[in-house]
Structures are given as structure tokens and as C-alpha cells.
Amino acid sequence: MLDIKYIRENPDHVKAALVNRQMSGETAKIDTLLQLDTERRRIISEVETLKATRNKVSDDIAAIKKQKGNADAMIAEMKTVSDTIASLDRGLAATQSQQEEILLQLPNVPHSSVPIGKDASENTVHKEVLTSKREFDFAPKDHLELGKSLGLLDFERGAKISGAGFPLYMGKGATLERALINFMLDLHLEKHGYTEIFPPFFVNQASLRGTGQFPKFIDQVYHIPAYDLYAIPTAEVPVTNIHAGEVLKGKDLPIKYAAYSACFRSEAGSYGAGTKGFLRVHQFNKVEMVKFALPETSYDELETLVSDATDILDALQLPYRILLLCTGDMSANAAKCYDIEVWSPAEQKFLEASSCSNFEDFQARRAGIRFKRDEKSKTEFIHTLNGSGLATSRLMVALLETYQTKDGHITVPEVLRPYTKFAVI
RNA sequence: GGAGAGGUGGCCGAGUGGCUUAAGGCAACGGUUUGCUAAACCGUCAUAGUAUCGUAAGGUGCUAUCGGGGGUUCGAAUCCCCCCCUCUCCGCCA
């Protein structure tokens, strides 16, 4: 959420951000917002003057009554004042909720280092690491074929149990998945200094609002009406909200959390191309990294977040590239975002395995996450960042395909063997 | 699911309609005293909104906030209703 004061003082900058995000149709909302803001402040000024009067006169009434005097006329007068206050307060609440509704829908302002572009075609390649890219002397099988022939993955039975898009891992496939999760968590804890979190997988609406999935992206989230709970689309939601409504100490920053969770996404409206197997699923596993950082260091923290994620791919010796997303392709909550894509030999294309973003104070303002530099200083909003490190689904695709042998088996990468306890599948 | 007890500032805790601008204590911070530490004493000690002064840091006024929301009243931490959370007991249960 953007600061209404910032919008009031920089309306053209905010409108330009919308245009750069290919949302030029939304710029009129800024004018509406500013009108509501003027109206809101006008009512506040009027109603607070009346409240000050009422508070003053109520004290006078108390004093008169204490001396057994008659205050009937003042009471009658204050009754009409109170009625006016009630009426103004209703108008204020209506104006505020309209303003809030627009504010919650507005996207973040992209950082100045983000390239302006209309869509994914204008993302720029930030870095490519293809040293481990493998030349096959046979036609590589895809992950579906490998998963089926080796008995690792059973999408048909997953569909029988739950529906399409709910993967079922079996035997060494399940073990390999668990090994990947443990390997990634251990690396982040031991080498990168993150604190492990195991969060709830269901959250309330306030948490989704805090990280920005509600209201704009709520159609992507599974909802259980009977309990009014939402299945987390990413551990970002529960982990970022750990500190919702809190004032953190400057000396504790940055705070770095790493969390495994299952992730649930309805992927409404995205059936069709590129949906087979793991390429698009409703449930997947992910290790998520979340940082709470000082505003002046958050962009440095973004760079290390990306390298923390790619360390996994380097260790697994999988080829990948890092994209810097342009204004038109970046998600609404982010100020700057890198995608990490891992190479699929069978698909002959890069698959998104991670998204690392700096939200600046966008989520912090929604979730009320602040900090004080020291005892004396005023509270400021913190900067939040998060990135997958990594999602196992696309990683599993790349891993199975890259490590397949000519006779249809899988060589387990060295770093995973302590976890799998087997070297070949 | 049933019954009961609770939720007050960073923490503890008083507060049954106006005398509370939320008592008192602890912790923290600044200072005085002090050979050093400790103690004592003095002071500071919320958050947000809004208006205003200031180049700014910040100051000042007003308003709101005692788990959340609504109601009664001239006036609510206090009375009423709904909800959330915590604890105790009972029941059920993977």
C-alpha cells in the first residue's frame, strides 16, 4: 500500500508508475483518490472541532452537576451536537473505506533501476550461468516420462485422489523431494544465516491483506468458507506476517527467515499450454526466504537474496539464468523483482524456479511492520523482501531431465546423496 | 461441543458513568550526586490521524485509541449486544 501523503505530494509520479506498469487506464483512480482525501480531511476537521466542543462542555456539565446545579440546557444542546457528530462520523467512515479500497488495489511504484517495458518480452537477462549445461547424445526424456517409468511421480493417481494438479510422489521420488527440501533449508541455515520457520499453512484474511494477495489476487487462493481460512499460496504470507503490527528493534535487523511450506494456488484461468506435469500445479513445495531490512540496505539485501537462491542451483550444478523483470511484467506488490529460471533440457526452455522481490515498505504499511533505530528515534516502516529458494516443482523437472542417463535412470547429484542415501534411481 | 474466568501502556497492575489529561510499580532512557559500581533523587517514558509553525530536525493545538466491532448516554476503560483471543474444568477425537 502506498502512503496517501506520498500520493498527495507526488501524484504525477504515481500515475507514471501506473503507465509504466501498463495500467494507464487506472490513472483516473489517483484523481478519485485525491478527491476522497480532500473530502476526508474536510470532514475530520469539522467533526473534530465538534468533538472538542463536546468534550469541553461535558466536563462543564460534570462540574455543574457536582455542585447540584442545573445543566439541562447544556445537555439538550450537546444532544444535537452528538447527533451531528454521529452523522459526520458515518460520512467519514464511508469516505475512508472508499479511499482504503482504492489504496489496497494500487500497485507499488517500481524502483528507478527497473527497466520500463510492456511485458515479459522486455525483461532483461541479468546473468546466465550455463557452465553445467549438458549436451545429450540421446533424446532426453521429459520429467513426466522419467517420473512414470521410474515410479517417482503419479499424476493420474494424484488426480484421482484430489484432482488435476495435485502431484503424488512415490518411493524414491518422494525421498528425492524431501532431500531437496532438507538440502535447501540446511544450506540457507548453515551458510546464509537464516533462521528456520515452520509456519501455519492456513491463514486469515488479515494476513493475506498484509502481504498483498488480498484483495487483488484473492481468486488465486483456496478458501475454506466454513472456517474462513485461506490455504497459503506461498510461505511469504505467514512468515512476513510473523511481525505484523510489531515495532522491531533496529539492532536486530536484518531479520532473515527461511521456511519450508507446501503452497496452494488455484491457478484460475491458466489452463491450456504449459500446464502438463509439474509445469503448473495446484500444490507444490517451496523453501521461502523472507527478510526484514533497513530501508537504506534493502537493495543490497535483494542482491544477496538472489545469490542465496542461486547458490542452490550452483550446488546442484543446474544451468540457470537471472532475469530482471521490467515494469510491465513485475507483480503489483514488488518495487523490483528478479526471476531465476532453471533450464529444462526436454522443454528446451527456461522455467521459473524463483522470484526474488524487494517490496520496500509496501507490505510493511499494509501489515503494520515498523522499527525503531534506537530507543529515542521515531518509528519507521521496515522494508520486506522475499524470494523462493527454491520451488521444488520446476527444480525437480530440471533435475530429473538433466541428470537422466541414456538407459533411463537418474544420477543423484552429489550434494543430495547424504539426504537420499542412494546415488542412482 | 458444554461450563466458567480473563484480555488495561514495553511489562506488572489499580480503576462499577464525570474527581483519570489511565493511579502506582518495574524496566528503559537522560541528568544530579558519586573514587568506580550500586543506591538515592530529578526528569523523560505510547501510537496514529489532523491542523498549524519551521528551510529542516522538530515544536504546538485538537481528535482517536483500555482485545475488535456496534449500542445506550450530554459524557463510557467502566453499562448492554455481537465477535476474536487466552486460561481452567467437562465431553469428543487423529
Side-chain angles (χ1 to χ4, degrees), chain A residues 1-9 33-104 161 199-210 214 224-230 238 241-253 255 295-296 361 363-382:
Chain A
M1 189 160 66
L2 298 177
D3 184 1
I4 185 63
K5 281 182 199 154
Y6 177 82
I7 298 173
R8 198 188 296 153
E9 285 156 21
L33 197 57
L34 293 176
Q35 281 166 23
L36 287 167
D37 184 48
T38 305
E39 174 70 0
R40 179 183 66 92
R41 288 189 292 153
R42 188 191 65 73
I43 301 174
I44 284 172
S45 162
E46 191 180 346
V47 77
E48 287 193 350
T49 304
L50 289 175
K51 281 179 179 173
T53 304
R54 184 178 66 182
N55 288 343
K56 172 75 174 62
V57 175
S58 288
D59 284 348
D60 294 345
I61 291 170
I64 290 167
K65 289 214 161 194
K66 198 178 172 188
Q67 307 195 2
K68 310 286 184 206
N70 186 313
D72 290 353
M74 289 166 97
I75 289 173
E77 189 191 339
M78 283 309 104
K79 187 165 176 58
T80 54
V81 169
S82 274
D83 288 346
T84 310
I85 289 171
S87 156
L88 287 169
D89 269 343
R90 277 192 293 274
L92 181 61
T95 306
Q96 265 168 343
S97 81
Q98 284 176 60
Q99 178 174 311
E100 175 97 342
E101 195 178 324
I102 297 175
L103 276 175
L104 285 173
I161 300 163
F201 288 5
F202 293 88
V203 295
N204 57 30
Q205 195 181 80
S207 294
L208 287 169
R209 178 187 293 247
F214 181 86
I224 303 173
Y227 301 97
D228 201 19
L229 285 170
Y230 298 82
N241 279 288
I242 286 173
H243 295 299
E246 296 183 9
V247 180
L248 303 171
K249 293 191 174 94
K251 66 176 172 65
D252 295 336
L253 302 176
I255 293 170
E296 62 270 27
D361 64 7
Q363 292 181 326
R365 184 168 279 109
R366 286 173 166 253
I369 310 171
R370 295 172 300 164
F371 75 100
K372 279 188 174 186
R373 290 173 191 276
D374 54 59
E375 290 293 331
K376 291 283 180 189
S377 45
K378 61 174 185 177
T379 55
E380 300 170 59
F381 284 110
I382 210 164

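Letters A, B, ... are given to chains in the order of the sequence lines, protein chains preceding strands, and every chain is numbered from 1.
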Qualifying residues under ring pair (Phe, Tyr, Trp, His ring centres under 6.0 Å), relative to A:F202, sequence neighbours excluded: none
Covered region of RNA chain B, 5' end to 3' end, by chain A [heavy atoms, under 4.0 Å]: B:G18 to B:G75
Interatomic distance at C1', B:G7 relative to B:G68, whole Å: 12 Å
Under 3.5 Å on both distances, the Watson-Crick or G-U partner of B:U60: B:A51
For B:C11, the Watson-Crick or wobble counterpart (both distances under 3.5 Å): B:G25
Touch class at under 4.0 angstrom, heavy-atom based, for A:I44 against every strand present: sugar-phosphate
Touch class at under 4.0 angstrom, heavy-atom based, for A:K372 against every strand present: sugar-phosphate
Residue pairs involving residues 80-94 of chain A (criterion salt bridge (Lys or Arg N to Asp or Glu O under 4.0 Å); sequence neighbours excluded): A:K51-A:D89
Residues in salt bridge (charged side-chain N to carboxylate O under 4.0 Å, His left out) contact with A:E380, at least two apart in sequence or another chain: A:R373
Salt bridge (charged side-chain N to carboxylate O under 4.0 Å, His left out) partners of A:K56, counting only residues at least two apart: A:D60
Partners passing salt bridge (charged side-chain N to carboxylate O under 4.0 Å, His left out) against A:R365 (at least two apart in sequence or in another chain): A:D3, A:D361
Along RNA chain B (nearest heavy atom to each residue), the more 5'-positioned of A:S82 and A:K5: A:K5
Pairing partner (Watson-Crick or G-U wobble, both distances under 3.5 angstrom) of B:C66: none
